[in-house]
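Just the heavy atoms: all of them, side chains too, but no hydrogens, waters or symmetry mates, feed the values below.
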Amino acid sequence: MTLNGWVYNSRPSGKVLFVVVRDGTGLCQCVIEAGTVSEEVFEAVKRLGQESSLTVTGLVRAEPRSPGGVELAVTDAAAICPAVEYPITPKEHGVEFLMSNRHLYLRSQRPWCIGRIRHTVIDAIRRFFNDNGFTLVDTPIFTAAAGEGEQTLFEVDYFGQPMFLSQTGQLYLECAAMSFGKVYCFGPTFRAEKSKTRRHLTEFWMVEPEVAFINLPGLLELAENFVSSVVGRVLKDNRAELETLGADIAGLEKITPPFVRLTYSDAVDILTSERTVKFLAEQLEQFKAQKAALEAELAQIEAADKKGGLKKWQQEKNARRLPELRGEIAELDTKIENNPKHAELAANFTWGKDLGGSDETIISLMHDKPVFVTHYPRSAKAFYMKTDRSNPKVVENFDLLAPQGFGEVIGGSVREDDYDYLLRRVNEEGYNPADYNWYLDLRKYGSVPHGGFGLGVERTVAWITGERHIRQCIAFPRMMDKVYL
RNA sequence: UCCCCGAUAGCUCAAUAGGUAGAGCGAGCGGCUGUUAACCGCUAGGUCGUAGGUUCGAGCCCUACUCGGGGAGCCA
């Protein structure tokens with residue numbers, strides 16, 4: 001068979017040459033023996049640097065010594081384009097360097113694995129809705145200003161008129177749901193929030209289903225089936241990638257319905273409870289113990305280095321371990337520093353505020369399944385969310401928090417379907433009702449209970465892959481203070 | 001906008017108490033018939049982020065700035 005690809009790694013060993021070739025679908029060790037190919041071919045391939053493109057032809061054979069268990073016994077090979085001094089070496093690199101070389105970094109194993117999983121996630125999302133009677137409706141990206149959160153919209157010049165990049169397709173979807181019953185949209189979303197965190201992008205991908213004739217329990221059930229099906233698909237299709245990434249496969253296997261259900265008031269009780277104080281204190285002790293263990297290892301290595309007399313390979317091993325240790329210790333320091341702040345925020349949490357990032361983290365760390373938090377205070381939420389008729393201080397909404405501290409991946413709600421209630425809310429927020437005529441019309445002509453939610457693709461991919469920063473979960477990330485390419 | 005940390009070879013990092021810069025990877029050359037981030041030998045490669053200051057002497061101390069990382073705030 002013939003393989004077209006790039007040199008991922010090359011190891012000469014006298015008259016045998018091992019070239020790991022990357023063909024886009026994976027890696028394959030190719031073995032070139034001096035006697036089997038001409039001397040010119042052997043020498044030419046031997047000289048190819050990392051990421052040189054080439055064609056190799058040979059026979060596939062089982063070989064236990066090869067990574068992956070099979071290898072290609074090469075009978076012929078030819079360079080397509082040699083590469084010299086490829087910048088990303090098989091060594092550790094910093095974030096800045098890797099992301100400023102994003103165009104090349106995309107070829108490395110980690111981004112490749114994440115990209116494959118992202119692809120599965122997106123395919124599974126479409127499959128789920130298509131298989132469950134939803135109709136895809138593409139909502140516009142250019143949108144007119146309509147009250148809600150204008151300060152977080154990107155403004156563009158639309159032939160002299162101000163327009164904005166869409167930050168949700170929801171209002172449009174509500175119209176479409178009254179036509180098709182069950183609909184979804186899937187596309188890029190733009191937020192001009194000044195959020196500099198590992199969980200925020202200014203341009204990200206979001207899928208939003210919207211369903212007519214549904215209530216809050218129905219929405220939660222839809223969301224947990226949906227998320228479980230996406231996670232299940234990744235477990236089925238990308239196990240090898242998850243393993244390479246070191247993702248928490250056992251944790252992902254627990255992602256099955258039903259998820260945990262808490263109300264916002266439950267969450268506040270938990271946050272201000274003795275249980276949380278204890279939980280955070282234990283966590284702090286754990287961090288300190290981990291730090292002490294790492295520092296002990298560090299001291300031991302440094303002492304051994306100082307003492308001398310180490311074999312060369314031992315020195316190198318130490319040299320590799322030291323920066324790792326320092327990084328881990330620095331990360332723990334951050335956690336140790338933040339822990340009391342989070343404890344204070346949680347303890348002083350008062351009913352009515354929106355849950356902060358650290359509050360979400362605490363709640364999700366206490367569970368190994370995703371957690372729904374429902375019924376937030378009306379004052380903290382958008383005007384279109386349906387007021388709970390049995391407790392008008394709250395709305396029928398929910399957030400879904402991914403487990404183990406990853407935080408929010410879904411936000412959704414039942415929509416206010418009563419004309420008068422909705423009009424009152426529009427006025428309360430100080431919006432101009434004339435801007436919402438078409439939206440109010442939906443409540444005038446055959447209004448029905450309906451609702452939906454939005455799921456952030458990059459946050460979901462980050463959670464599933466165990467990648468701590470969302471910027472690694474999209475090929476070309478756009479962040480508040482940084483556009484790499 | 002605020003807080004913390006950092007910037008030394010292409011990359012990742014080191015440099016005892018302030019005394020004139022090193023190691024691995026990568027690159028080049030040579031060696032090795034089963035390598036697994038291979039290994040062994042040799043070679044090339046640096047205005048220590050920028051500007052100023054302290055000092056006989058600054059990579060190291062001080063000030064300002066620039067860039068980067070982490071966190072907070074804000075926020076589907």
Table of protein N/O atoms under 3.5 Å from nucleotides 71-74 of chain B N/O atoms:
residue: B:rG71; atom: OP1; partner: A:Arg198; partner atom: NE; Å: 2.8
residue: B:rG71; atom: OP1; partner: A:Arg198; partner atom: NH2; Å: 2.1
residue: B:rG71; atom: OP1; partner: A:Arg468; partner atom: NH2; Å: 3.3
residue: B:rG71; atom: O2'; partner: A:Asn338; partner atom: OD1; Å: 3.2
residue: B:rG73; atom: O6; partner: A:Lys196; partner atom: N; Å: 2.9
residue: B:rG73; atom: N1; partner: A:Lys194; partner atom: O; Å: 2.7
residue: B:rG73; atom: N2; partner: A:Lys194; partner atom: O; Å: 3.4
residue: B:rC74; atom: O2; partner: A:Lys194; partner atom: O; Å: 3.2
residue: B:rC74; atom: O2; partner: A:Ser195; partner atom: OG; Å: 2.9
residue: B:rC74; atom: N3; partner: A:Ser195; partner atom: OG; Å: 3.3

Distance, rounded to the nearest Å, where A:Lys15 contributes NZ and B:rG34 contributes P: 12 Å
With A:Glu155 via side-chain hydrogen bond (donor to acceptor under 3.5 Å, both in side chains) - residues at least two apart: none
Spacing of A:Gln50 atom CD relative to B:rA37 atom P, expressed in whole Å: 13 Å
Rounded distance in Å - NE2 (A:His93) to P (B:rC13): 11 Å
Gap in Å between the two P atoms, one belonging to B:rA51 and one to B:rA14, rounded: 24 Å
Interatomic distance where CZ belongs to A:Phe97 and C1' belongs to B:rC11 [whole Å]: 5 Å
Note, A:Thr139 side chain near A:Glu210 side chain (heavy atom, < 4.5 Å): no
Considering all heavy atoms, the nearest A:Ile255-A:Trp463 contact: CD1-CZ2, 3.8 Å
Counterpart residues, side-chain contact (heavy atoms from CB on, under 4.5 Å), relative to A:Ser379 (two or more places apart): A:Pro377
Tabulate protein N/O versus nucleotide N/O from nucleotides 66-68 of chain B, keeping only pairs under 3.5 Å, one per line.
residue: B:rG68; atom: OP1; partner: A:Lys482; partner atom: NZ; Å: 2.8
residue: B:rG68; atom: O2'; partner: A:Glu96; partner atom: OE1; Å: 3.4

B:rC48 versus B:rC13 - spacing of their C1' atoms, nearest Å: 13 Å
Rounded P spacing from B:rG6 to B:rA64 in Å: 16 Å
Whole-Å P distance, B:rA21 and B:rU55: 24 Å
Over all atoms of both residues, closest heavy-atom pair of A:Ala144 and A:Phe164: C-CD1, 4.1 Å
Touch class at under 4.0 angstrom, heavy-atom based, for A:Phe18 against every strand present: base
Of A:Gln170 and A:Val84, the one whose closest RNA chain B nucleotide lies more 5': A:Val84
For RNA chain B, the dot-bracket pattern of Watson-Crick and G-U pairs whose distances stay under 3.5 Å, | for other-strand partners: (((((((..((((.....[..)))).(((((.......))))).....(((((..]....))))))))))))....
Pairs meeting criterion salt bridge (charged side-chain N to carboxylate O under 4.0 Å, His left out) with involvement of residues 394-410 of chain A, two or more places apart: none
Aromatic centroids of A:Phe226 and A:Phe134 separated by under 6.0 Å: no
Rounded distance in Å - CD (A:Glu43) to C1' (B:rC29): 12 Å
NZ/NE/NH1/NH2 to OD/OE distance under 4.0 Å, A:Lys15 and A:Glu33: no
Sugar-phosphate, base or nothing in reach of A:Pro67, heavy atoms under 4.0 Å: base
Euclidean distance, atom CG of residue A:Leu201 to atom P of B:rA76 [Å, nearest integer]: 16 Å
Distance test, side-chain N/O of A:Arg471 to OP1/OP2 of B:rG70, below 4.0 Å: yes
With sequence neighbours excluded, residues passing side-chain contact (heavy atoms from CB on, under 4.5 Å) with A:Glu221: A:Glu224, A:Asn225
B:rG71 versus B:rG45 - spacing of their P atoms, nearest Å: 41 Å
Distance, nearest 0.5 Å, that separates CZ of A:Phe259 from NE2 of A:His367: 13.0 Å
Sugar-phosphate, base or nothing in reach of A:Gly35, heavy atoms under 4.0 Å: nothing
Pairing residues for A:Pro477 by the side-chain contact (heavy atoms from CB on, under 4.5 Å) criterion, not counting sequence neighbours: A:Met99, A:Arg102, A:Leu201, A:Arg471, A:Ile474, A:Tyr484
In a table with atom names and distances, give each donor-acceptor pair under 3.5 Å that connects a side chain of residues 353-363 of chain A to protein atoms at least two apart or in another chain.
residue: A:Asp359; atom: OD2; partner: A:Gly356; partner atom: N; Å: 2.8
residue: A:Glu360; atom: OE1; partner: A:Arg199; partner atom: NH2; Å: 3.1
residue: A:Thr361; atom: OG1; partner: A:Gly357; partner atom: O; Å: 2.8

Nearest-angstrom distance from the residue atom CD1 of A:Ile88 to C1' of B:rU12: 14 Å
Sugar-phosphate only, base, or nothing, as touched by A:Glu71 at under 4.0 Å among non-hydrogen atoms: base
Residues A:Arg425 and A:Glu428 bridged, charged N to O under 4.0 Å: yes
Least distance between heavy atoms, A:Thr36 atom then A:Val74 atom: CG2-O, 3.8 Å
Distance-only donor-acceptor test, A:Arg61 side-chain atoms vs B:rG34 base atoms, 3.5 Å: yes
Euclidean distance for C1', B:rC60 against B:rA37 (whole angstrom): 33 Å
P atoms of B:rA72 and B:rU35, separation to the nearest Å: 48 Å
Residues from residues 454-467 of chain A lying under 4.0 Å of RNA chain B - heavy atoms: A:Gly454
Residue list, salt bridge (Lys or Arg N to Asp or Glu O under 4.0 Å) with A:Arg110, at least two apart or on another chain: A:Glu467
With A:Asp266 via side-chain contact (heavy atoms from CB on, under 4.5 Å) - residues at least two apart: A:Leu262, A:Thr263
C1'-based separation of B:rU16 from B:rG59 [nearest Å]: 14 Å
Nearest-nucleotide pick for A:Pro12, side chain only, options being B:rC32, B:rC11, B:rU35: B:rC32
Side chain of A:Glu63 (C-beta onward), nearest among B:rG34, B:rG70, B:rU33: B:rG34
Length of the CG-C1' vector between A:Asp399 and B:rC75, whole Å: 12 Å
